[in-house]
Trainee: 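Before we start, here is the structure in question, set down as structure tokens.
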Amino acid sequence: MSKTWNKRTQAVHSGIRRSQYGEVSEAIFLTQGFVYDSPEAAQQRFEQLGDDEFIYARYGNPTVAMFEDRIAAIEGAEAAFATASGMAAVNGALTSMLKAGDHIVSSRALFGSCLYILEEILTRYGVEVTFVDGTDLDQWRAAVRDDTRAVFLEPISNPTLEIVDLRAVAEIAHAAGALVVVDNVFVTPTFSRAFEMGADVVVYSATKHIDGQGRMLGGVILGSEEFIRKTVEPYLKHTGGAMSPFTAWAMLKGLETLDLRVRAQSGAAQVLAEAISGDARLARVIFPGLEDHAQAAIVADQMHGPGTVIALDIKGGKEAAFRFLNALELVTISNNLGDTKSIITHPATTTHQRLTQEQRDHLGITPGLVRLSVGLEDADDLLADLNSALDAI
Ligand SMILES: *Cc1c(COP(=O)(O)O)cnc(C)c1O
């Protein structure tokens, strides 16, 4: 495979392992185990596993390896390890590198389950966690110490779409010898420049844009060959977070159209955000592609595009937001994102209901806030749906 190919070419061709039949579309190797010609061959494979050799699907599988190699090529990473879900990837990346006594600094505006891992699980095993406001570089500087092993962040926060200055945080972290771990779901592999900005480890929930068609759960950890092989792989292959070969096949096919889908969805999101921003029925429209986004300059510097998610703060609080959601005919109410279907959610009563009122206030999750993940529908149809539902408030 040529390393000089552009992302869109890598997305279609990288990682292919053809069988003796010369199939065009990647094969699904639905097998748990692999056969050896002799006990000597089995012994040899257990002693030293070659690139195209496998011993058990929890350790690796040809279809899963194709997905790992392809996403690594697209993201520009040396290596990848695929997992059963995005959370298995976040947990695997953090737990495999941390031990009791280590310190980690994390931005506070995190996906709920990520917050749970940092706040409830890692601390139980003696890892010290400091939370900061991810957009405040002074807080990062004050929190990172000589014994800080890692920093963790989502460069676009959920659901208020605040941007963390990844380049600046990476400089602070690296000066202290800490690794930078990025949950990059909202940025997407299409728009990511995370490794260029200084990330050491990038994690995706493949459930989101990579599948992008609402079918399956998956995740992936990307990093250096050394980190993936020596730190992540031993942990994950023994603790059982492996991606299934069938899922890997769907994700591989998802990668082939990822760029097209994400650019179309992001383009529609831009059209919608521009059309409704300033609308008198809305208190705020937040989209990283809008000129008035608080961190528009960082968006332009650290991402190839603004993502596919818009946040709208509807005047009139929860009641008005619920009337708006109930009046939508095309956009569906659900909590996934990155899907071909446009999806809307009311964070305060669903994804972020576990938080205290004070935490929600702190993160800007107001009662009127809704998060819209823009799909592949025609932008005119989506705009008409949003406008008629706003009328119905
Ligand atoms: C969805 C999501 C996850 C978790 O992914 P799953 O595939 O649902 O386990 C983690 N982080 C972010 C930012 C997400 O959006």
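Order of appearance sets the numbers: ligands from 1, and atoms from 1 within every ligand.
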Trainee: Can you tell whether the side chains of E256 and R261 come within less than 4.0 Å, N to carboxylate O?
Mentor: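 Looking at R261 together with E256, the answer is no, because their closest N to O distance does not fall below 4.0 Å.
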Trainee: Could you tell me the residue and atom name of the protein heavy atom closest to atom 3 (C) of ligand 1, and the distance to it rounded to 0.1 Å?
Mentor: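 The closest one turns out to be F111 CE2, 3.4 Å.
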Trainee: Is it the case that T340 and Q213 place a side-chain donor and acceptor less than 3.5 Å from each other?
Mentor: no
Trainee: Given R354 and R360, is the side-chain contact (heavy atoms from CB on, under 4.5 Å) satisfied, shown in steps?
Mentor: CA-CA 9 Å; R354 207 174 66 83; R360 278 195 295 271; over 6 Å; no
Trainee: Could you list the atoms of ligand 1 found under 4.0 angstrom from a heavy atom of T207?
Mentor: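 In order of numbering, the contacting atoms are 6 (P), 7 (O).
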Trainee: Could you tell me if the side chain of F186 sits less than 4.5 Å from the side chain of T308, heavy atoms only?
Mentor: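 In short, these two side chains do not touch, never coming nearer than 4.5 Å.
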Trainee: Going by the order shown, which atoms of ligand 1 are within less than 4.0 Å of some heavy atom of S85?
Mentor: 7 (O), 9 (O)
Trainee: For T123 and E119, does a side-chain donor sit closer than 3.5 Å to a side-chain acceptor?
Mentor: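 Looking only at side-chain atoms, E119 and T123 do not form any donor-acceptor pair under 3.5 Å.
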Trainee: For atom 15 (O) of ligand 1, what's the nearest protein heavy-atom neighbour? Residue, atom name and distance, please.
Mentor: K208 NZ, 2.7 Å
Trainee: Hey, does N158 sit under 4.0 Å from ligand 1 if you only count heavy atoms?
Mentor: no
Trainee: Pick one: which of T350, T332, N336, N335 meets side chain to side chain donor-acceptor pair (under 3.5 Å) with T345?
Mentor: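 Looking at T350, T332, N336, N335, the match for T345 under the side chain to side chain donor-acceptor pair (under 3.5 Å) is T350.
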Trainee: Quick one: which of V90, D183, I117 has a heavy atom closest to atom 12 (C) of ligand 1?
Mentor: D183
Trainee: With atoms numbered from 1 as shown, which atoms in ligand 1 lie under 4.0 angstrom from a non-hydrogen atom of G86?
Mentor: 5 (O), 6 (P), 7 (O), 9 (O)
Trainee: Describe, in one word, how the ring planes of F246 and W249 are oriented to each other, choosing from parallel (under 30°), tilted (30 to 60°) and perpendicular (over 60°).
Mentor: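 Plane angle under 30°, so parallel.
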Trainee: Against heavy atoms of M87, which atoms of ligand 1 measure under 4.0 Å?
Mentor: 4 (C), 5 (O), 6 (P), 9 (O), 10 (C)
Trainee: Can you sort out which atoms of ligand 1 are near G218, meaning under 4.0 Å from one of its heavy atoms?
Mentor: 7 (O)
Trainee: What I want to know is whether E154 and ligand 1 share at least one N or O pair that is separated by under 3.5 angstrom.
Mentor: no
